[in-house]
Amino acid sequence: MKAHTHETQSTITPEKALEILTEGNQRFVNNLKANRDLLGQVNATREGQWPFAVILSCIDSRTSAELIFDQGLGDVFSVRIAGNFVNQDILGSMEFGCNVAGSKLVVVLGHTKCGALKGGLDAAQIQGMGMDNLNHLINHFDPIINDIIEEGEERSSKNGDLLERLNQQNVKSAIEDIRTQSSTLKKLEDEGKIKIVGANYDVETGVVTWL
Ligand SMILES: [Zn+2]
């Protein structure tokens, strides 16, 4: 499999980009990794890169976008932050990926058993540990948790049902934030030049499900 060129990138539609990632994940779960000469791809991309997708995923060591979608060098922009949410800098990275570098798809990829989301649910305990920056990060999930938690429901990472509802809602919320906080990406989406989609990665099976 060869690295993308300006020519191959320009012929990829948002739908095709989604298809390429779907097929890549199918290869991954079937252990049929595409044959890639990565060093050859270093050489092929030395003058530039033409990635077809921007993938926002968690820092979780099991959710490396290039691995789980079986992609090589120069194929995808990989944005990672614990809990796969957006802020201004991440939106800036996405705007670069799509509006400057020509990517056709933005994926927000959540995953099962997310430690960052567990931290959000257990915020009361984490806050006692004195990590100001981590507290700042997990505070991001508070409004989402408050939205989805039912009256009398246990707020804890041990509540697996709540954790998975939070995972799904967190992805939806990130997509909403992309549309409302980036007029650039919203415009590209409205014009049909990009697609913005959510997905979930199951850490037990390796399967990506589109939301
Ligand atoms: Zn995670």
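What you see below is based on every heavy atom in this structure, not just the backbone, and it leaves out hydrogens, waters and symmetry mates. Atoms within a ligand are numbered from 1 in the order they appear, just like the ligands themselves.
- Using a cut-off of 4.0 Å between Lys/Arg side-chain N and Asp/Glu carboxylate O, Lys172 and Glu176 are scored as not salt-bridged.
- Here the rule is side-chain contact (heavy atoms from CB on, under 4.5 Å) with Met94, and of Leu185, Asn99, Asp89 only Leu185 fits it.
- Taking the six-membered ring where the residue is Trp, Phe52 and His4 present perpendicular rings, their angle passing 60° and hence far from 30°.
- A salt bridge is absent between Arg165 and Asp147; no separation between the charged side-chain nitrogens and carboxylate oxygens falls under 4.0 Å.
- Taking 4.0 Å as the cut-off between side-chain N and carboxylate O, Glu189 and Lys186 do not count as a salt-bridged pair.
- Excluding waters, the protein N/O/S atoms found under 2.8 Å from the Zn ion (ligand 1) are Cys58 SG, His111 NE2, Cys114 SG.
- Using a 4.0 Å cut-off between charged side-chain N and carboxylate O, Asp60 and Lys113 make no salt bridge.
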